[in-house]
Amino acid sequence: MRFHVLTLFPEMIDEAVTKSITGRAVTSGFIKVNTVNIRDHSACKHKKTDDYPYGGGAGMLMTAQPIYDAYMAIKEQIGTKKPRTIYLTPQGKLFDQKVATSLAAEDDLILLCGHYEGVDERVIEEITTDQISIGDYVLTGGELAALVVIDAVTRLLPGVLGNAESIEAESLSGFLLEQPQYTRPRSWQGKDVPEILLSGDHAKIIAWQKNEAIKRTKARRPDLYEKWKNLQ
Ligand code: 6GU
């Protein structure tokens with residue numbers, strides 16, 4: 001899968017994706033992250049990418065021209081008529097595991113990161129197919145949100161996670177949070193690992209873990225607990 005990221009801060013993306021599991025996914029060829037500096041597509045001699053908003057108001061807006069030209073260059077390169085193009089914005093649809101799964105089915109994803117006070121509405125209308133928010137808080141730019149999307153989508157791609165890191169065993173697809181987990185030492189700061197986990201009784205351990213996951217979900221995320229209960 002190829003991610004094409006339109007941004008004014010390409011280093012933010014390039015640096016982050018070389019780490020951890022996304023880094024491994026890049027080097028093993030499961031994903032390619034193509035960052036495109038919007039500024040490189042500015043037609044003006046000062047390479048300006050922003051301007052004052054019509055109607056007044058605080059701050060600057062990103063202008064349509066450099067974004068559109070950067071988008072057209074990518075579109076030409078990938079040869080897709082209407083590539084899935086996502087604008088990262090707090091006004092978008094809330095990103096969740098279901099949205100991640102739907103994005104993981106694409107061959108190419110274009111991610112547009114806004115900055116300043118926003119982006120000229122006309123270019124958003126012209127090029128984007130989706131608008132995504134990663135939560136109800138305001139970031140200074142879309143780059144961290146784009147990285148969240150890249151991370152969540154990459155780990156869903158076949159082959160990216162090893163067996164040990166398997167997606168299946170994981171909670172959020174089934175709406176349950178994960179149970180508490182423990183590793184050595186057996187006793188730390190006077191706290192012991194729950195006896196059952198040392199029992200060797202696999203069936204009992206699985207039942208305990210499931211019950212802990214249910215208890216934790218009910219206490220911390222009653223909204224997810226209700227969804228889970230309705231599926232039982
Ligand atoms: Cl996608 N972008 C920005 N700038 N802020 C956000 C966001 C996105 N999601 C939540 N806050």
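Computed from a predicted structure; not experimentally measured. Counting starts at 1 for both ligands and their atoms, in listed order.
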Any Ile150 side-chain heavy atom under 4.5 Å of Val5 side chain: yes
Arg221: salt bridge (Lys or Arg N to Asp or Glu O under 4.0 Å) partners, not counting sequence neighbours: Asp223
Sole candidate of Leu111, Asn37, Ile74 that passes side-chain contact (heavy atoms from CB on, under 4.5 Å) when paired with Leu6: Ile74
Side chain to side chain donor-acceptor pair (under 3.5 Å) contacts in which one or both residues fall within residues 46-58, not counting sequence neighbours: none
Tell me which donor-acceptor pairs under 3.5 Å the side chains of residues 186-198 have, and how far apart each pair is, sequence neighbours excluded?
residue : atom : partner : partner atom : Å
Ser187  : OG   : Asp192  : OD1          : 2.8

Can you give me a line-by-line list of nitrogen or oxygen pairs between ligand 1 and the protein shorter than 3.5 Å?
residue  : atom   : partner : partner atom : Å
ligand 1 : 4 (N)  : Leu139  : O            : 3.4
ligand 1 : 5 (N)  : Leu139  : N            : 3.2
ligand 1 : 9 (N)  : Ser133  : OG           : 3.3
ligand 1 : 9 (N)  : Ile134  : N            : 3.0
ligand 1 : 11 (N) : Tyr137  : O            : 2.5

Over 12 foreign heavy atoms within 6.0 Å of NZ, Lys19: yes
